[in-house]
2 protein chains.
Amino acid sequence: MDKKKCSSSKEKCALQEILGVIGGKWSMSIIYALFTGKKRFSELERMVPNINTRMLVKELKNMEANGIVVREVFATVPPTVEYTLTTKGRKLEPIINELYKWGVEYVG
Amino acid sequence: MDKKKCSSSKEKCALQEILGVIGGKWSMSIIYALFTGKKRFSELERMVPNINTRMLVKELKNMEANGIVVREVFATVPPTVEYTLTTKGRKLEPIINELYKWGVEYVG
DNA sequence: CGGTATCCAATTTGATACTG
DNA sequence: CAGTATCAAATTGGATACCG
């Protein structure tokens, strides 16, 4: 949000702006988990290995602010909150899948 | 290197292992800079906005250890060091370009 | 030029406890 | 369940000094 911007031309910083949106340590894993459909907070917490509550909240807020996920609250008892990818978020699916394939082939 | 591994199944952690390789704050920007060919250390320092020497060294070492870049030293005066993408690294080109296009369309 | 080493400040992340 | 609050630990950033 209020991060220091690139000092030089905006052109050269595009990638870093993008990474500010989806380059967080956990963002891609969360997006990946959401490819299979809408998920509750606790489901994401289980699906994204090693993440903790604070970081999941933080990343989800960032992603929501950047229009990648939608947060829906249901006034049930106990409360239910569901997260879904937006169209913009779903456009990342082929890219992340390719990255995943790259990793499976080359990383391990 | 000696980061704590995922505790549960390896399957679910693949993405996070991949991000450990290319998900660093600067890795993709460095790789992006190397798409246009081999670069000297100081060129990279100029091409990757806002990075500092320490982090550039650190990321390059990590990338070299993971077989993404090759480091070549030439015993000239003053010394010359050049970094090049490996085949493995170049395979990331279409993926990062797609990511870039996604960002241009949706972020900037 | 291409680093390494060091010190310190700032930011980010992790772990745990707690709440509507 | 879905978070918030808080503090500790780790990482990063910045400046400076030094070296082969």
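Sequence lines set the chain letters: A, B, ... in the order given, protein chains first and strands last, and positions in each chain run from 1.
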Rounded to whole angstrom units, what separation is found between the [atom1] atom of [X] and the [atom2] atom of [N]?
X	N	atom1	atom2	answer
B:Asn52	C:dG2	CG	P	16 Å
A:Leu60	D:dA2	CG	P	11 Å
A:Phe74	C:dG20	CZ	P	24 Å
B:Arg46	C:dG3	CZ	C1'	16 Å
B:Glu45	D:dG14	CD	P	12 Å

Exercise for review: For A:Ser42, report the nucleic acid contact type (base, sugar-phosphate, nothing); a contact means any heavy atom under 4.0 Å.
Suggested key: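 If one applies the 4.0 Å heavy-atom cut-off, A:Ser42 turns out to touch the sugar-phosphate alone, with no base involved.
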
Practice item. Name the nucleic acid region contacted by A:Thr80, choosing base, sugar-phosphate or nothing; use a 4.0 angstrom heavy-atom cut-off, strictly under. Key: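 Contact class for A:Thr80: sugar-phosphate only.
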
Point to revise | Under 3.5 Å: donor-acceptor pair, side chain of A:Lys39, backbone of A:Ile30 | key: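 Not at all, since once roles are kept as given, no pair shorter than 3.5 Å links the two residues.
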
Any N/O pairs under 3.5 Å between the protein and nucleotides 8-10 of chain D? List them or say none.
none

Exercise for review: Would you mind reporting whether B:Leu44 and B:Leu60 have side-chain heavy atoms less than 4.5 Å apart?
Suggested key: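 The answer is yes, as the side chains (C-beta and beyond) meet within the 4.5 Å cut-off.
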
Review point. Below 4.5 Å, heavy atoms only, C-beta onward: do A:Thr53 and A:Phe41 meet side chain to side chain?
Key: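 Touching, per the 4.5 Å side-chain cut-off.
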
Check your understanding: How bent is the helix from C:dC1-D:dG20 to C:dG20-D:dC1, comparing axes over its five end pairs at each side, to the nearest 10°?
Key ->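 That helix has its two terminal axes inclined by roughly 50°.
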
Review point. Mapping A:Ile51 and A:Pro79 onto DNA chain C by nearest heavy atom, which one lands closer to the 5' end?
Key: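 Going by which nucleotide is closer to the 5' end, it is A:Ile51.
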
Review point. Between A:Val73 and A:Leu85, is there a shared hydrophobic cluster once you connect ILVMFWY residues whose side-chain heavy atoms come closer than 4.5 Å?
Key: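 Yes; tracing contacts between hydrophobic side chains, which count when under 4.5 Å, links both residues.
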
